[in-house]
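Working notes, structure below.
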Amino acid sequence: QVQLVESGGGLVQAGGSLRISCAASGRTFSNYHLGWFRQAPGQKREFVAAIGWTDSATIYVDSVKGRFTISRDNAKNTMYLQMNSLKPEDTAMYYCAAERGAVTRTPTTWAEYDYWGQGTQVTVSS
């Protein structure tokens with residue numbers, strides 16, 4: 001079992017940067033697929049980014065490509081999402097998720113993940 005806790009959210013001006021993190025307890029997730037999702041008020045939960053067992057295996061939703069970078073530090077059981085050039089439409093609750101490694105592909109849907117955090121709020125002002 002893995003417990004995930006997000007942190008680092010806050011209020012940022014448009015064009016600014018923010019790094020949010022996801023710390024895991026329990027099992028180490030060296031071979032876990034990891035991902036970020038977000039949900040804005042009144043909106044459907046959306047996939048943001050994912051990273052596989054290696055740093056080269058990353059996937060991003062089109063709207064954040066070139067602005068967001070997902071990374072992981074397996075020694076610290078921590079995942080990060082570096083968000084640059086933030087836009088008001090990035091405002092959402094951001095959730096981290098972990099997949100236990102049962103699949104070979106990097107998952108991009110909520111249903112494929114096994115563990116989820118409680119979320120951290122990111123608000124981008126105009």
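Everything numeric in this text was worked out from a predicted model, so none of it was measured.
- Q121 has its side chain within reach of T123: a pair of non-hydrogen atoms, C-beta onward, lies under 4.5 Å apart.
- With sequence neighbours left out, R45 forms a salt bridge (charged side-chain N to carboxylate O under 4.0 Å, His left out) with no residue at all.
- At least one side-chain heavy atom of E6 sits less than 4.5 Å from a side-chain heavy atom of W36.
- Taking all atoms of both residues into account, the shortest heavy-atom contact from G9 to I20 is N-CG2, 3.7 Å.
- Distance alone, capped at 3.5 Å, places no donor-acceptor pair between the R72 side chain and the N77 backbone.
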**Request:** Begin from the C-alpha positions of Y80 and R19 and carry the test side chain to side chain donor-acceptor pair (under 3.5 Å) through to its verdict.
**Result:** CA-CA 7 Å; Y80 306 95; R19 188 182 74 163; 5.0 Å; no
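- Residues V2 and V5 do not share a hydrophobic cluster, clusters being chains of Ile/Leu/Val/Met/Phe/Trp/Tyr side chains in contact below 4.5 Å.
- Side-chain contact between F47 and I59 is present, with heavy atoms from C-beta onward closer than 4.5 Å.
- Between the side chain of T78 and the main chain of K76, a donor-acceptor pair closer than 3.5 Å is present.
- R100 and Y32 are not linked by any side-chain donor-acceptor pair at a separation below 3.5 angstrom, with hydrogens and angles left out of the test.
- In this structure, the side chain of R67 engages the main chain of S85 through a donor-acceptor pair within 3.5 Å.
- Heavy atoms only, all atoms of each residue included: R38 and S63 are closest at NH2-OG, 3.4 Å.
- A 4.5 Å side-chain heavy-atom check between Q82 and S71 finds every atom pair outside the cut-off.
- Contact annotation: the side chain of V122 approaches that of L18 to within less than 4.5 Å [non-hydrogen atoms, C-beta and beyond].
- Side-chain contact, T120 with S7: no donor N or O sits under 3.5 Å from an acceptor N or O.
- In this structure, V48 and F68 have side chains that are in contact, with non-hydrogen atoms separated by less than 4.5 Å.
- Taking a cutoff of 4.0 Å between a charged side-chain nitrogen and a carboxylate oxygen, K87 and D90 do not qualify as a salt bridge.
- Looking only at side-chain heavy atoms (C-beta outward), R105 and E112 come within less than 4.5 Å of each other.
- In this structure, CG on L4 lies 7.5 Å from OG on S25, to the nearest 0.5 angstrom.
- The line from CH2 of W116 to CD of E99 is 10.5 Å long, rounded to the nearest 0.5 Å.
- Within the 4.5 Å cutoff, side-chain heavy atoms of I70 are placed close to those of Y60.
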**Request:** Could you give me the CA-CA distance, side-chain angles and deciding distance for Y94 and F37, then say whether side-chain contact (heavy atoms from CB on, under 4.5 Å) is met?
**Result:** CA-CA 6 Å; Y94 284 72; F37 293 79; over 6 Å; no
